[in-house]
Protein chains: 2
Amino acid sequence: MQTGDMELPKVGSLGEYIRQQRQQAKISLRQLAAQAGVSNPYLSQVERGLRKPSAEILNQIAKGLHISAQALYVQAGLIEDREPDSDVLAAIRADVTLTGRQRQVLIDIYESFRKENRADDSARPPQSAETFGDDPVPSRNGVTPETKEG
Amino acid sequence: MQTGDMELPKVGSLGEYIRQQRQQAKISLRQLAAQAGVSNPYLSQVERGLRKPSAEILNQIAKGLHISAQALYVQAGLIEDREPDSDVLAAIRADVTLTGRQRQVLIDIYESFRKENRADDSARPPQSAETFGDDPVPSRNGVTPETKEG
DNA sequence: TGCTGGTGCTTGCAATTGCAAACTCGGCGG
DNA sequence: CCGCCGAGTTTGCAATTGCAAGCACCAGCA
C-alpha cells in the first residue's frame, strides 16, 4: 500500500477524488467508464456521491485510472492510511508465517518497548546514539531474546 | 505487490478462512457475529460461501476475529498479498518510536521465529493445542493463518 | 420425559448496487 | 434550420446484500 504520493481530500469524498483523477488524466467520464468496465451512468453517480461502489468496482475504476486500488480504498474508508507507528503492529498481525503465539510475543515486546520509550521520553533528552546498550530487554514468557540472539 | 510468497488457501474460500479463524479462536458463530456486529445468519451464509460480504462487513468480521482486515481482503481477492517478511522488517526499521537497539532486538526475534518456523515446517509433528501453530504445510511459506490470541 | 440454552441454518424482506435505455445539453457541420 | 456526436444525467429494474424472525438440532439437567 502506498499513500506517499497522495495528499488526499478527506476520506468521504471518493467521488470527488475519482473525478479529480479523471480530469487530471484528461479523459471523459465515458472513457473512464469504458476503461474501467463500469457503466457510465453508474460512474457518474459514484462521482457525485449518489452511489457507493463496492471494492470490486473501485478496483476497476482504479485500473481505468491507472492508479492503485489502495488509493481508492483509502478514499472509500476501507483501509486506513498507514501510520508509521501502527505499521509494526499491523505487519506483525498480518504476518501469516508466524504462529499466533509468536505474534503475541512480538507484539508484547514491541509494546513494552514503546511504553518504556514513553517513560524514557519524559525523563530524558532525545538521544542520538542509542544504538546499543541502553535497554535491557524485557523477558517474556520465558522467551529470552538474548538466548535467541545467541 | 507480490503474491508468490503466499500459499494460502485459494482466494475464493473466504468463508472457509473465516470459519477456520473462528474455530481457532474457539468461538461460536453467534459469538463472532456479535463481536463483529453482523447478523449470525448472515455470517453463517458468508462462511458457507452463500453470500459475498462487502469490504465493510469484512472489516467488522476481522475486528471480531482480532485479525487484520487486510487478511480478509486478501482472501476476498480485494487486494493482493504483501510480503509479510518485508512488512514486519520494514515496519520495524521505519518505526521511529523505537531505539536502534530495540529495533534490532525485535528484528532478531522476528527472524529467529521465522527460522524456527521454517525448521519446524520441515520436521514437525502435528502441533499441540498450546500453539496456535502452523499447520504442517509443505510449502515453507504456506501458512494456514491461525487465530490471534486476543 | 420435558425444558432450557446453545449451536448453526432457512426464509422473506427492505435497502442498496450496478446496469441499460433513455434523456438533456452543447458544439459542429451541412 | 437540421442532424450528428460526445458530454454527463435520469430513471426503472434485476440482482445482490444484510437483516430479523423463525426453525432445527443437540446436550445437559430436573
Side-chain angles (χ1 to χ4, degrees), chain A residues 9 11-67 69-79, chain B residues 9 11-67 69 71-79 129 147 150:
Chain A
V11 170
S13 57
L14 168 69
E16 285 177 25
Y17 180 73
I18 289 172
R19 178 164 288 183
Q20 175 194 337
Q21 293 295 315
R22 174 169 68 79
Q23 288 168 347
Q24 281 182 20
K26 298 195 193 325
I27 58 177
S28 70
L29 186 143
R30 289 188 181 205
Q31 282 169 341
L32 175 56
Q35 286 170 27
V38 303
S39 75
N40 73 68
Y42 188 66
L43 179 59
S44 172
Q45 287 170 328
V46 169
E47 284 194 355
R48 288 172 292 130
L50 301 182
R51 296 293 167 99
K52 179 182 156 200
S54 65
E56 288 192 33
I57 296 292
L58 288 180
N59 229 320
Q60 289 175 240
I61 292 170
K63 203 173 304 179
L65 284 171
H66 300 295
I67 64 175
Q70 271 77 11
L72 293 187
Y73 291 168
V74 169
Q75 284 297 312
L78 300 182
I79 59 178
Chain B
V11 170
S13 59
L14 167 71
E16 285 176 26
Y17 179 72
I18 289 171
R19 178 165 287 186
Q20 179 188 340
Q21 291 297 309
R22 174 170 68 79
Q23 287 170 346
Q24 285 287 341
K26 299 193 196 315
I27 59 176
S28 69
L29 184 142
R30 286 190 184 203
Q31 284 169 343
L32 174 57
Q35 286 171 29
V38 302
S39 75
N40 75 69
Y42 188 65
L43 179 59
S44 173
Q45 287 171 330
V46 169
E47 282 193 358
R48 288 171 292 130
L50 300 182
R51 295 293 169 98
K52 179 185 158 197
S54 66
E56 287 191 34
I57 295 293
L58 288 180
N59 228 323
Q60 288 175 245
I61 292 170
K63 205 174 303 179
L65 284 172
H66 300 294
I67 61 175
L72 292 186
Y73 291 168
V74 170
Q75 285 297 311
L78 299 184
I79 60 177
T147 189

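The structure displayed is predicted, hence computed values, not measured ones. Within every chain, numbering begins at 1; the chains are lettered A, B, ... in the order of the sequence lines, protein sequences first and strands thereafter. Any value given below was found using the heavy atoms of this structure, including those in side chains, with hydrogens, waters and symmetry copies removed.
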Asker: State, with a plain yes or no, whether a side-chain heavy atom of B:L14 is found less than 4.5 Å away from one of B:P53.
Answerer: yes
Asker: Would B:L78 and A:L58 count as a side chain to side chain contact (heavy atoms under 4.5 Å, CB included) if you check the C-alpha gap in whole Å, the side-chain angles of each, and the deciding distance to 0.1 Å?
Answerer: CA-CA 10 Å; B:L78 299 184; A:L58 288 180; over 6 Å; no
Asker: Grab the CD-P distance between A:E47 and D:dT10 for me, whole Å please.
Answerer: 13 Å
Asker: With rounding to the nearest 0.5 angstrom, report the CD to CZ distance, B:Q35 to B:R22.
Answerer: 11.0 Å
Asker: Can you tell me how far C1' of C:dG8 sits from CG of B:L32, to the nearest Å?
Answerer: 13 Å
Asker: Would a 4.5 Å heavy-atom cut-off, applied to side chains only, mark B:Y17 and B:V74 as touching?
Answerer: no
Asker: Report, as a single string ordered 5' to 3', how protein heavy atoms within less than 4.0 Å touch nucleotides 16-28 of chain D: B base, S sugar-phosphate only, - not at all.
Answerer: -BBBBB-------
Asker: Measuring from B:H66:NE2 to B:Q21:CD, what's the distance to the nearest 0.5 Å?
Answerer: 12.0 Å
Asker: Could you check how far CG of A:L29 sits from P of D:dT9, rounded to whole Å?
Answerer: 7 Å
Asker: Counting only side-chain N and O atoms of B:R22, is one of them less than 4.0 Å from OP1 or OP2 of C:dT7?
Answerer: no
Asker: May I ask you to decide if A:S44's main-chain N or O and A:R48's side chain share a donor-acceptor pair within less than 3.5 Å?
Answerer: yes
